[in-house]
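All residue numbers in this chain count up from 1 along the given sequence.
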Amino acid sequence: MKIKFIQFIIPALLLLVIALVLLALPEYIGVGRWAVAYHYDVRTVVRAAARGWRYDALDERLAKEEWGDAEAEKLLEAGYLTSSDKRIKAFAIFSLGFFELDSEKYIPIIIDSFSDKDMISSPAALRSYGDRAYPYLEKSIKSTDPLVRENTCYAFAYMDERKKDAYPLLREIFLADSNKHVRFAAVNVLCRRIKDPAIIPDILSVIRKETDRHTKFVYVSYLASMRLPEAVDAYAELIINKDIDYGRVSIFAGKLTPEEEEKGLVPATHIPLPEYNGKLNEETIQKLRVMQNSEEKLVFKWATEVLAQCKTNNTKRPD
């Protein structure tokens, strides 16, 4: 009897293990990505992507379709856009950003999700609307919820012509908002999307007043990402005047040395080399040359690397 029982239980256990492994596959080897590619109904596409947490697969799949209000309506009727299942809701809202939408009834749904910390991709859903979403964002930017204000800042990046209209709103938030994450979002869009050099004096002023090292270098990083001659000039000024501490400012930086760590310096990832390869004015070139005469090896190296990748007004590389 025992032998027969063992002969029965062992295959049963093996089948159970195989079943559990198959159920886990979408999570661990990306079956969700394959499923996304072969489904044709928007609801099953969203479900498959959500099952494997594959935003990349959903992005790739929806880029091939010309879906619009009809598909959005399917997601609404199925309850996906307001689902208590965070995965389904997040992926359904994210998918709206790929549709050609005429109806604006989905804009409030998208903005309502800004208050949910799990809906990190919600701002991107407004790219389907562009400037049509601007009036809604003007209201949500005044929310008392810092998470709503933060996501609203990021949403302004997906506007078209009216993106520049958001400059005064974002500038005010950057200078005055009580929440640092909201300020980070505002300066992110100002530097990386709007790129108006008028904000640079404000950034310099904030950096000089800031006492928290991490916050200061977040602002410096955004300044460096502007790819504008004015930003390079401002960055050089910060280093010349020692308004920022510097660790390894080389683009080839690795870990800090024990001596640098003892001084409380930070790795170069917090103060990156300006990503700029255009023309610099002569005044900035002269500042960089002065920096090359510095006894501080790291300042010399930073200035040399900037000069090596930038061009002067006559398009010739500096000597």
Side-chain angles (χ1 to χ4, degrees), residues 55-56 59 94 97 110 114 119-131 133-134 137-138 140-141 146-177 179-208 210 212 214-239 244 249 251 266-280 284 302 305-306 309-310:
Y55 279 105
D56 56 340
D59 191 325
F94 177 72
I110 295 170
F114 285 2
M119 304 291 116
I120 58 174
S121 297
S122 292
L126 289 176
R127 60 187 165 195
S128 290
Y129 289 103
D131 290 342
Y134 190 88
L137 296 178
E138 283 184 305
S140 64
I141 198 65
L147 190 56
V148 172
R149 297 198 304 276
E150 179 183 352
N151 281 318
T152 299
C153 288
Y154 287 124
F156 276 121
Y158 296 97
M159 301 299 99
D160 299 318
E161 294 300 321
R162 299 210 65 183
K163 187 188 303 178
K164 294 181 179 180
D165 294 343
Y167 176 88
L169 292 173
L170 294 171
R171 178 180 180 271
E172 181 181 357
I173 287 174
F174 167 56
L175 295 175
D177 200 278
N179 185 285
K180 73 176 183 179
H181 297 291
V182 178
R183 298 196 301 272
F184 289 168
V187 74
N188 181 319
V189 177
L190 285 166
C191 292
R192 295 184 173 180
R193 295 301 183 96
I194 297 177
K195 295 189 176 183
D196 187 336
I199 196 62
I200 292 178
D202 291 322
I203 296 176
L204 287 176
S205 177
V206 169
I207 288 172
R208 286 167 175 150
E210 182 59 57
D212 180 75
H214 173 262
T215 300
K216 176 179 288 191
F217 286 110
V218 168
Y219 293 145
V220 173
S221 297
Y222 287 137
L223 175 65
S225 70
M226 289 186 77
R227 297 173 179 263
L228 295 174
E230 296 90 342
V232 176
D233 186 82
Y235 199 177
E237 185 178 326
L238 287 172
I239 292 185
I244 55 174
V249 293
I251 54 176
V266 297
T269 51
H270 293 291
I271 42 176
L273 196 69
E275 299 171 353
Y276 181 76
N277 58 1
K279 300 177 181 179
L280 292 178
T284 301
W302 185 90
E305 288 170 354
V306 173
Q309 72 168 347
C310 298

### Message
Taking side-chain contact (heavy atoms from CB on, under 4.5 Å) as the definition, give me every residue that meets it alongside Pro201, ordered by chain and number, with sequence neighbours left out.
### Response
none

## Note on the structure
What one should report as the nearest heavy-atom pair of Asp177 and Arg183 is O-NH1, 2.8 Å

### Query
If you take all heavy atoms of Ala231 and Leu223, which pair is closest and at what distance?
CB-O, 3.5 Å

### Query
Considering all heavy atoms of both residues, which atom of Val189 and which atom of Cys153 are nearest to each other, and what is their separation?
CG2-O, 3.2 Å

### Message
Would Ile194 and Phe156 count as a side-chain contact (heavy atoms from CB on, under 4.5 Å) here? Give the steps.
### Response
CA-CA 9 Å; Ile194 297 177; Phe156 276 121; over 6 Å; no

### Task
For Phe94, enumerate each residue passing the ring-ring contact (aromatic ring centres under 6.0 Å, His included) test, keeping only those at least two apart in sequence or located in another chain.
Tyr55, Phe98

### Query
Rounded to the nearest 0.5 Å, what separation is found between the CG atom of Leu169 and the CZ atom of Arg149?
13.0 Å

### Task
Please name all residues satisfying salt bridge (Lys or Arg N to Asp or Glu O under 4.0 Å) with Glu237, sequence neighbours left out, ordered by chain then number.
Arg208, Lys287

## Note on the structure
Tyr222 meets the ring-ring contact (aromatic ring centres under 6.0 Å, His included) criterion, sequence neighbours left out, with none

### Message
I'd like to check the side-chain contact (heavy atoms from CB on, under 4.5 Å) partners of Ala155; sequence neighbours left out, ordered by chain and number.
### Response
Phe114, Pro123, Leu126, Leu137

#### Entry: Inter-residue atom distance Leu170.CG - Ile141.CD1, 0.5 Å rounding
6.5 Å

### Query
Got a sec, which pairs hit salt bridge (Lys or Arg N to Asp or Glu O under 4.0 Å) with one end in residues 184-200, sequence neighbours left out?
none

#### Entry: Within-4.5 Å side-chain heavy-atom neighbours: Asn151 and Met119
no

### Message
Holding to side-chain contact (heavy atoms from CB on, under 4.5 Å), I want the full list of residues that pass it with Leu175, two or more places apart in sequence or in another chain.
### Response
Arg171, Asp202, Val206

### Query
Under the side chain to side chain donor-acceptor pair (under 3.5 Å) test, which residues partner Ser140, sequence neighbours left out?
Thr152

### Query
Atom CG in Leu238, atom CD1 in Ile207: separation rounded to 0.5 Å?
5.0 Å

### Message
Can you tell me how far apart CD1 (Ile199) and CE (Met226) are? Round to the nearest 0.5 Å.
### Response
8.0 Å

### Message
For Thr215, give me all partners under side-chain contact (heavy atoms from CB on, under 4.5 Å), at least two apart in sequence or on another chain.
### Response
Lys180, Phe184, Glu210, Asp212, Tyr219

Residues 158-165 side chain polar contacts: donor-acceptor under 3.5 Å, at least two apart:
from   : atom 1 : to     : atom 2 : distance (Å)
Arg162 : NE     : Asp165 : OD2    : 3.0

